[in-house]
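In what follows, every chain begins at residue 1, and chains take the letters A, B, ... in the order their sequences are listed.
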Amino acid sequence: MSKQQSPEQPEPHSTLAEIRATRLVKADKLREIGMNPYAYNWVSTHQAAALQLEYADLASGEEVDIPVSIAGRILARRVMGKLAFFSIQDETGSIQLFLSKPQIEEGMPDLPDAFSHLKQLTDVGDILGVKGTIKRTEKGELSILVNEYVMLTKSLLPLPDKWHGLTDVAKRYRQRYVDLIVNPSVRDTFRKRSLITAGIRRYLENLDFIEIETPVLQSEAGGADARPFNTYHNTLEMPLYLRIATELHLKRLIVGGFEKVFELGRIFRNEGVSTRHNPEFTSIEVYQAYADYEDMMTLTEDMITTVAQSVLGTLEITYQETPISLTAPWRRVTMHDIVKETTGLDFSTFDNLETAQTAVKTAGIHGCNDIKTLGKLLNEVFEQKCESTLIQPTFVLDYPTEISPLAKPHRSKPGIVERFELFAVGRELANSFSELTDPIDQRERLEAQATRKAEGDNEAHDVDEDFLTALEYGMPPTGGLGIGIDRLVMLLCDCASIRDAIAFPLLKPEPTEQSGDD
RNA sequence: GGGACGCUAGCUCAGUGGUAGAGCAUUCGGCUUUUAACCGACUGGUCCCGGGUUCGACCCCCGGGCGUCCCA
């Protein structure tokens, strides 16, 4: 193979494929020196953030002769002749490695040229395990004075620019793993999200609620106005829907005698994608027997403030540069009052649809011509004019019956149900009722929904007869509550888009070379 | 569904109707206190895709894809 080499023509080495090929060669060389580039395990004694904290007061130039073993991904390499500084990142944070030739060669007597191999065979992105001691450098950077290193995983693909990171939004979502490696705030969001859901569960469990899982696959979608995803069970030859709510099954559990139940889980709605909507999202629904919507308001306020305080350490937060005070009590206002306050329209004075329509039009609100009931008109005006103004946490109470088919009629106001929604930063966060327990009333309302479905409304659903049967056995008075977890995470973690609160949001597939033109 | 904007090297971005640019990363050489290390040298391109106009298109026009924002 010793062909006469023509005048050295430098190999290209900058494209992605070439970088990858170079790194594969390095992986082979690691094998040659007896180091598996894909190791089996590593035992760390410490993590980066804890070390940074523990030795925060160590003076520059000082060393601590305590053995430390740590693993992480190389995020930066600064290599001089016989000395190198790497920054490695573990889940908790990062710490510098102080790598000196004599120290490493002494610490790894079985591997000749250990320092040279380190320089030649490691790249930014590799996952390394090291053993050494603690030292704060003369320039003041807490470091591990490394005696031994082990390649744990050889990375084949280059990370984004160390300074600018990954900013391409689509790429951040498509390759969330890269986003997580290089954007610490993204890791922080998902860590907080976990604390939020864990905090909610702990809060409810402390009140003796139990979590019960209900079916995702359902033969009748129900519990909300939403278009479901359709699927099919092959051996049963049965069409199925993915659930659009957990409501109707959790209520069956209340009928069955559980008095405090909840489920925190994934919901699927076959609707558009926006900064506020993902087709699969997470909700929690909570049902408490013998409670009403007033009780649920108290629960909502207390639960969210408790969790926020424990996760964020404060109730005074900032969402997209707007200060938000989560400190209780939150404002409570009826839908009638907020509409009147915002638009001047007093729906309590309208005794028929025509006068209301005229007044609405006079107030400059359009697109309401097709609305056939007073309640729906009120709701439309609320959605158009009020929702976006509700920045600080606000409970809006007492909704029209016709848009609330699962809520109990208000005990003193005709045409109204006992229902509230919680709004903050202009968005709905939670929805709650005194649950409708009268099976005859419930049947009438569900049959009205079924009629709408028959008329072509694909957000309406057939009557769930088994649910009505359950109600006929008798459901105790019950307060129910649903909270959009993704939106709560958005609020508490200052996410502009719901996609920033969901680790792997739904995306259109990237076009392939075949499907490029069509 | 409508509108505006964007898509150029692995990453972040310039750019012009006439040979495609920078920084970082990569590769090579040097370097024992760096931390966006530094110094020197090299390399790296389907300018999102398809069509059109043109002597010539990354640029202009048409269509499409993906994305961001706004509106419905």
Which value, in whole Å, describes the distance between the [atom1] atoms of nucleotides [N] and [M]?
{"N": "B/C55", "M": "B/A41", "atom1": "C1'", "answer": "40 Å"}
{"N": "B/G23", "M": "B/G67", "atom1": "P", "answer": "33 Å"}
{"N": "B/A9", "M": "B/G21", "atom1": "P", "answer": "14 Å"}
{"N": "B/G56", "M": "B/G44", "atom1": "C1'", "answer": "26 Å"}
{"N": "B/U12", "M": "B/A25", "atom1": "C1'", "answer": "11 Å"}
{"N": "B/A22", "M": "B/U16", "atom1": "C1'", "answer": "15 Å"}
{"N": "B/C58", "M": "B/U19", "atom1": "C1'", "answer": "14 Å"}
{"N": "B/C48", "M": "B/A20", "atom1": "P", "answer": "15 Å"}

Completion exercise
A/Cys368 and A/Leu377 have their tightest heavy-atom pair at CB-CD1, 3.6 Å

Handout entry: Shortest side-chain distance from A/Arg174, nucleotide among B/A36, B/C66, B/U27
Key = B/C66

According to the Watson-Crick and G-U wobble definitions, with both distances under 3.5 Å, which nucleotide is paired to [N]?
{"N": "B/U46", "value": "none"}
{"N": "B/C66", "value": "B/G6"}
{"N": "B/C31", "value": "none"}
{"N": "B/U53", "value": "none"}
{"N": "B/A22", "value": "B/U12"}

Handout entry: Carboxylate-amine/guanidinium contact A/Arg193 A/Asp486, below 4.0 Å
Key = yes

Practice task
Anything under 30° is parallel, anything over 60° is perpendicular, the rest tilted; go ahead and classify A/Phe395 against A/Phe420.
Solution key: perpendicular

Handout entry: Phosphate OP1/OP2 of B/U27 contacted by A/Lys26 side-chain N/O (<4.0 Å)
Key = yes

Handout entry: A/Arg499 vs B/U68: side-chain N/O to OP1/OP2 distance below 4.0 Å
Key = yes

Whole-Å gap separating [atom2] ([N]) and [atom1] ([X]):
{"X": "A/Gln384", "N": "B/A72", "atom1": "CD", "atom2": "P", "result": "8 Å"}
{"X": "A/Trp163", "N": "B/A25", "atom1": "CH2", "atom2": "C1'", "result": "15 Å"}
{"X": "A/Leu75", "N": "B/A36", "atom1": "CG", "atom2": "C1'", "result": "13 Å"}
{"X": "A/Lys101", "N": "B/U33", "atom1": "NZ", "atom2": "C1'", "result": "18 Å"}
{"X": "A/Phe86", "N": "B/U33", "atom1": "CZ", "atom2": "P", "result": "16 Å"}
{"X": "A/Asp370", "N": "B/A72", "atom1": "CG", "atom2": "C1'", "result": "14 Å"}
{"X": "A/Ile365", "N": "B/A72", "atom1": "CD1", "atom2": "P", "result": "13 Å"}
{"X": "A/Gln175", "N": "B/C66", "atom1": "CD", "atom2": "C1'", "result": "15 Å"}

Exercise for the section: Using the closest heavy atom to pick a nucleotide of RNA chain B for each, name whichever of A/Lys135 or A/Thr275 lands nearer the 5' end. Expected result: A/Lys135

Practice task
Would you kindly compare A/Gln96 and A/Ala496 by the position of their nearest RNA chain B nucleotide and give the one closer to the 5′ end?
Solution key: A/Gln96

Given 3.5 Å as the limit, does a donor-acceptor pair link the side chain of [X] with the main chain of [Y], or not?
{"X": "A/Asn352", "Y": "A/Glu354", "answer": "yes"}
{"X": "A/Asp161", "Y": "A/His164", "answer": "yes"}
{"X": "A/Thr342", "Y": "A/Val339", "answer": "no"}

Between N or O atoms, less than 3.5 Å apart, protein on one side and nucleotides 7-11 of chain B on the other: list the pairs.
| from | atom 1 | to | atom 2 | distance (Å) |
| --- | --- | --- | --- | --- |
| B/C11 | OP1 | A/Lys171 | NZ | 2.4 |
| B/C11 | O2' | A/Asp161 | N | 3.1 |
| B/C11 | O2' | A/Gly165 | O | 2.9 |
| B/C11 | O2 | A/Asp161 | OD2 | 3.2 |

Take atom [atom1] in [X]; do more than 12 heavy atoms of anything else shown fall under 6.0 Å from it?
{"X": "A/Arg20", "atom1": "CZ", "result": "no"}
{"X": "A/Lys453", "atom1": "NZ", "result": "yes"}
{"X": "A/Lys131", "atom1": "NZ", "result": "no"}

Practice task
Could you check whether A/Lys82 gets within reach of a base, just the sugar-phosphate, or nothing at all, counting any heavy atom under 4.0 Å?
Solution key: base

Exercise for the section: For A/Val79, answer base if it contacts any base atom (sugar-phosphate contacts may also be present), sugar-phosphate if it contacts only those atoms, and nothing otherwise; contact means non-hydrogen atoms under 4.0 Å. Expected result: base

Exercise for the section: Kindly say whether, by distance alone, the side chain of A/His13 makes a donor-acceptor pair under 3.5 Å with the base of B/C28? Expected result: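 Flag unset: no donor-acceptor pair detected.
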
